[in-house]
Every structure is written in C-alpha cells, then in structure tokens.
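Below is one structure, written out as structure tokens; the observations come after it.
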Amino acid sequence: MPRRPKPVLGPSRLSQVLANLNKAPRPELVNIKTLKLKYALRNDHIAARHFVKEELPRVRYANPALNIEINKVPKTKQEKWKPEMVVQFEDGSTKIVDMDKKWSTSIFQELLEVAGGTPWQRWKRERKASGLPLLDEPQPRPREEKDKKKAPREVTLGELFDTSKKGAAAVLP
C-alpha cells in the first residue's frame, strides 16, 4: 500500500508571533527609563487594552531593558478618569500620553513620536516618500460561520394553527 503524502501545513503559531514581534517599524525607544500605563480593569478604556495586547509586546521585544509598569485599576461607571501612559526619560523628565478614545496604532505612533529616535524619523521619511500611511490600520478579523446571520426558517400554516398546543406554546411556532 503506497504512503499517503503529508499535507502541507500553514505557518506555525510561533512563526506568526515572531513575525508580529519583528514587524516594521521596530519600536526602538531612545533615552527611556520607564513606561507606566494606567487604565480600567474592565468595562472601559478599550483602546488602552488593545494597545497593551497588540503593540506593547513589540515594544518589550525591541527594548528588553525597559521598565514597563501596568496598573489596572478597578473603576465604577460613576468615576470619570482617562487612561494614560507616563513616559519617564533617563534625565528624570516625564511626558504623559493620553490613551483615551484612540486606536492602539495612534497610541503607538504617539509613543514613537515622543521617544522613537532616528529609526522612527527614517521610517517616517521613507513612508512619506512612498506615499503610504505611517502605520497600517488594523484589519478587522473575519467573522466565523456561527456569527453570520442564519436564514429565517419557513413556517407552514399547519404549524401556525396547531390546536394541540396550550398556553404560551400555542402562540409560538
């Protein structure tokens, strides 16, 4: 009996993670000592959470010596405060980046504007010269089959006027 050929597998999960971590532009931050992020634990500050999930691993991978502190604070609906990122430089000065009602890519872009250095400036020049946006906008994930709307089920007249049903079941098809 001949052997069945092995199916060609797609890229592994590890190769996808490494491709994301090494994606351009590389977020090499210059003269930064600490990044402090503060946002709501749940139910608010979606952009900050997306930044932490999508962009912060790239920042950590490119800057392994950088001290990153994340503070998830419980917040009630009555409280009104905005998420923020405090960038502390090596000379002791600080810069606050507002993360309220922004895309994670725009937060990432603001961080690179504050501390990107020459690699970021070179990236901006190259993108502008080629007529491309600075950062690619996030693409929505494709919906799965179970999320798609199902076609309504056709109901026969016999099901609508079934006299054997009593109570609320008599109304429902």
Side-chain angles (χ1 to χ4, degrees), residues 9-148:
L9 301 176
S12 69
R13 176 79 177 127
L14 179 60
S15 65
Q16 291 173 346
V17 168
L18 282 174
N20 184 43
L21 290 175
N22 291 316
K23 183 171 64 171
R26 188 167 168 89
E28 296 173 7
L29 304 179
V30 180
N31 298 327
I32 298 292
K33 182 180 176 183
T34 306
L35 282 181
K36 295 180 183 180
L37 289 89
K38 177 184 168 188
Y39 60 94
L41 180 63
R42 64 175 88 92
N43 299 334
D44 206 1
H45 306 159
I46 304 299
R49 271 194 248 128
H50 278 275
F51 173 77
V52 169
K53 181 180 176 185
E54 297 167 359
E55 306 297 342
L56 200 59
R58 293 177 54 205
V59 172
R60 165 55 77 203
Y61 188 73
N63 307 285
L66 180 65
N67 183 20
I68 300 176
E69 299 174 14
I70 299 174
N71 189 8
K72 299 177 189 177
V73 181
K75 178 180 177 266
T76 63
K77 291 183 180 181
Q78 293 79 23
E79 291 179 308
K80 302 286 186 201
W81 54 273
K82 296 180 180 182
E84 63 181 18
M85 175 172 31
V86 178
V87 180
Q88 186 176 13
F89 295 94
E90 289 178 350
D91 63 358
S93 63
T94 61
K95 170 81 171 139
I96 296 175
V97 177
D98 182 29
M99 298 191 298
D100 192 33
K101 298 178 182 162
K102 296 179 181 177
W103 287 90
S104 61
T105 52
S106 60
I107 297 170
F108 182 67
Q109 183 176 343
E110 279 190 51
L111 176 63
L112 289 177
E113 290 291 339
V114 170
T118 52
W120 173 244
Q121 299 303 325
R122 187 174 347 115
W123 172 263
K124 285 185 358 182
R125 281 193 307 273
E126 290 171 2
R127 295 293 276 201
K128 188 175 181 181
S130 62
L132 297 170
L134 286 179
L135 299 172
D136 298 327
E137 291 297 321
Q139 298 296 322
R141 293 183 189 154
R143 291 184 151 208
E144 294 190 21
E145 292 297 321
K146 65 181 180 180
D147 292 342
K148 292 182 180 176

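- With sequence neighbours excluded, no residue forms a salt bridge (charged side-chain N to carboxylate O under 4.0 Å, His left out) with R60.
- Once rounded to the nearest 0.5 Å, the distance linking CG of L135 with CZ of R127 reads 7.5 Å.
- Interatomic distance, M85 CE to D98 CG, rounded to the nearest 0.5 Å: 10.0 Å.
- Note on residues 49-58: pairs passing salt bridge (charged side-chain N to carboxylate O under 4.0 Å, His left out), not counting sequence neighbours, are E55-R58.
- Within the 4.5 Å cutoff, the side chain of I68 has heavy atoms near those of the L37 side chain.
- A distance of 10.5 Å separates CD1 of I46 from OH of Y39, quoted to the nearest 0.5 Å.
- Counting only residues at least two apart or in different chains, ring-ring contact (aromatic ring centres under 6.0 Å, His included) contacts with residues 47-80 are absent.
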May I have the list of side-chain donor-acceptor pairs in residues 20-29 shorter than 3.5 Å, sequence neighbours left out?
{"unit_1": "N22", "atom_1": "ND2", "unit_2": "L18", "atom_2": "O", "d": "3.1"}
{"unit_1": "R26", "atom_1": "NE", "unit_2": "E28", "atom_2": "OE2", "d": "3.2"}

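- Residues satisfying the side-chain hydrogen bond (donor to acceptor under 3.5 Å, both in side chains) criterion with S12, sequence neighbours excluded, are S15.
- A search for side-chain contact (heavy atoms from CB on, under 4.5 Å) contacts involving L9 returns nothing, not counting sequence neighbours.
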Apply side-chain contact (heavy atoms from CB on, under 4.5 Å) to N63 and I32, showing your working. CA-CA 10 Å; N63 307 285; I32 298 292; over 6 Å; no

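- Taking R13 as the reference, Q16, V17 meet the side-chain contact (heavy atoms from CB on, under 4.5 Å) condition, with sequence neighbours excluded.
- Within the structure, ring-ring contact (aromatic ring centres under 6.0 Å, His included) contacts touching residues 94-113 (residues at least two apart or in different chains) do not occur.
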Decide side-chain contact (heavy atoms from CB on, under 4.5 Å) for W123 and L112; before the verdict, give the C-alpha distance in whole Å, the side-chain angles of both, and the deciding distance to 0.1 Å. CA-CA 11 Å; W123 172 263; L112 289 177; over 6 Å; no

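- Here OG of S104 is found 11.0 Å from CG of L56. Values are rounded to the nearest 0.5 Å.
- For residues 68-79, every residue pair satisfying the salt bridge (charged side-chain N to carboxylate O under 4.0 Å, His left out) rule, not counting sequence neighbours, is listed here: D44-K75.
- Under the salt bridge (charged side-chain N to carboxylate O under 4.0 Å, His left out) criterion, the residue pairs touching residues 103-116 are K102-E110, E113-K124, with sequence neighbours excluded.
- Contact of the L35 side chain with the V87 side chain is registered, since non-hydrogen atoms from C-beta on lie closer than 4.5 Å.
- For the ring-ring contact (aromatic ring centres under 6.0 Å, His included) test, residues two or more places apart in sequence or in another chain that qualify with W81 are H45.
- No donor-acceptor distance shorter than 3.5 angstrom exists from the side chain of W120 to the backbone of A115, with no hydrogens or angles considered.
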Pairs under 3.5 angstrom only: tabulate donor-acceptor contacts from the side chains of residues 88-97 to other protein residues two or more places apart or in another chain.
{"unit_1": "D91", "atom_1": "OD1", "unit_2": "S93", "atom_2": "N", "d": "3.1"}
{"unit_1": "D91", "atom_1": "OD1", "unit_2": "S93", "atom_2": "OG", "d": "2.8"}

